[in-house]
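The structure appears below as structure tokens.
First the proteins, then the strands, lettered A, B, ... as listed; each starts at 1.
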Amino acid sequence: MPELPEVQTVVNDLIHAGLIGKTICSADVLWNKTIGTQSPGDFVEKISGQKIQNIRRRAKYIIFDFESGMHLLIHLRMSGRLYISPASGKRNKHEHVILHLSDNHDLRFHDTRKFGRMILTENPDSVLRKLGPEPLSDDFTTEQFKTLLKSKNRRLKPLLLDQSFIAGLGNIYADEALWEARLHPQTVASELSSRKAVDLYRAIRKVLQKGIDNQGTSLGSGKSNFVSAERQQGNNAKNLMVFRRIDQACSCCGSKIKRIIVGQRSTHICPKCQKNKIY
DNA sequence: GTCTATGTTTGCGG
DNA sequence: TCCGCAAACATAGA
């Protein structure tokens, strides 16, 4: 579910709710796999008493930096959510880890599909160093992106989803960026012209920034929709040009949007605007 | 009830 | 290097 803009929205919400400076008094682990290989006893013992110094995002990870030098990395994967909830709030069966805060509130990890992970570590770099550049960072330049693309003989869609190539894009924003750049998802990265590479660079930054500005993308009205830590839906769905808009008119040329499969992933394109073999 | 798809990531085999 | 497949799970929708 959550990609870079949704994860950033959650982080913004957590900060807005005043979590920085709060202390985690204790915790309950109700589904062991959520904390990976660490034992629940060890996790609870180590996280209890930790004071939150900062909350930030890297790629699709939410990172809590504690004053002790420990860090909690949270990856929401497909269906994870972080909820701020009164400690007295009714428990839900999909809440797998509960962090009890010093202000009578909980931070609850709600994850229907149970793919999400919480990693408590002194060395977050062991996880984060595998990640590619942060697309909205000032350090991420067109020149860098062009060089990266040149070195890859892979098709653009799976490449954009590869977090070690570029961090933060998922299926929604990858499709949106490719449409924005008028590139076919099967285009081989190394064959892109310099001009189209810059188009793609700008498209990626544009769709991600718009997603953040609109507090993320929530689709439909089902229970698996994205909601932030304060349970707000995002407003970005109205900006989607292709994702899940099958048979609707392309806003650029009026052609019907099609769904194809690329790299085992559902992919949405305008067949007229995104021709293959345009480099 | 059945079948398919799902916004993610990882590991394996070819 | 790159690709396809399977798995980790639960639910929604056809």
### Task
For A:L161 and C:dC5, give me the distance from atom CG to atom P, rounded to whole Å.
17 Å
#### Entry: Identified pairing partner of C:dC9, criterion: Watson-Crick or G-U wobble below 3.5 Å
none
### Query
Counting only side-chain N and O atoms of A:K114, is one of them less than 4.0 Å from OP1 or OP2 of C:dA8?
no
### Query
Less than 4.0 Å between a side-chain N and a carboxylate O, is that true for A:R56 and A:D65?
yes
### Task
Please tell me which of the listed nucleotides, B:dT8, C:dC9, C:dC3, lies nearest to the side chain of A:H75?
B:dT8
### Query
Once you round it to whole Å, what is the distance between P of B:dT8 and CG of A:L131?
14 Å
### Message
From C-beta outward on A:N171, which listed nucleotide comes closest to its side chain: B:dG7, B:dT6, C:dA10?
### Response
B:dG7
#### Entry: side chain to side chain donor-acceptor pair (under 3.5 Å) between A:N153 and A:S190, intermediate numbers included
CA-CA 5 Å; A:N153 291 316; A:S190 59; 2.9 Å; yes
### Message
Looking at A:K157 and A:D175, is any side-chain nitrogen of the basic one under 4.0 Å from a carboxylate oxygen of the acidic one?
### Response
yes
### Query
Given B:dT8, is OP1 or OP2 found less than 4.0 Å from the side-chain N or O atoms of A:Q163?
no
### Task
Starting at atom CZ of A:R155, determine the distance to atom C1' of C:dC3, rounded to an integer number of angstrom.
7 Å
### Query
Should the ring pair A:F145 and A:F165 be called parallel, tilted or perpendicular, given that the plane angle runs from 0 to 90° and is split at 30 and 60?
tilted
### Query
Taking CE from A:M78 and P from B:dT9, how many angstroms apart are they, rounded to a whole number?
10 Å
### Task
Check every strand shown and say whether A:S266 touches a base, only sugar-phosphate, or nothing at a heavy-atom separation below 4.0 Å.
sugar-phosphate
### Query
Where do A:Q163 and A:Y61 land on the side chain to side chain donor-acceptor pair (under 3.5 Å) test, with the steps shown first?
CA-CA 11 Å; A:Q163 302 298 300; A:Y61 287 92; over 6 Å; no
#### Entry: Separation of atom CZ in A:R265 from atom C1' in B:dT8, rounded to whole Å
7 Å
### Query
Expressed as a whole number of Å, how far does the P atom of B:dT4 sit from that of C:dC5?
15 Å
### Query
Does a side-chain N or O from A:K60 land closer than 4.0 Å to OP1 or OP2 of B:dT8, or not?
yes
### Message
Can you say whether a donor on the side chain of A:R113 sits under 3.5 Å from an acceptor on the base of B:dT8, or the other way round?
### Response
no
### Message
Partner lookup for B:dG7, please. Criteria are Watson-Crick or G-U wobble with both distances under 3.5 angstrom; report none if nothing qualifies.
### Response
none
### Message
Output the rounded distance in Å from CG (A:N153) to C1' (C:dC3).
### Response
13 Å
### Task
Would you tell me if any nitrogen or oxygen in the side chain of A:H94 comes within less than 4.0 Å of OP1 or OP2 on C:dC9?
no
### Query
B:dT10 P sits how many Å from A:Q264 CD, rounded?
15 Å
#### Entry: Nucleotide B:dT9, atom C1' - distance to CD of A:E3 in whole Å
13 Å
### Message
Categorize A:E6 for me: base, sugar-phosphate, or nothing, with a 4.0 angstrom heavy-atom threshold over every strand shown.
### Response
nothing
### A:D162 bridged to A:K152 by N-O distance under 4.0 Å
no
### Query
Within the structure shown, what part of the strands sits under 4.0 Å from A:K93 by heavy-atom distance: base, sugar-phosphate, or nothing?
sugar-phosphate
### Query
What about A:R244, does its side chain sit under 3.5 Å from the base of B:dG7 through a donor-acceptor pair?
yes
### Query
With a 4.0 Å cut-off on heavy atoms, is A:F226 in touch with a base, just the backbone sugar-phosphate, or nothing at all?
base
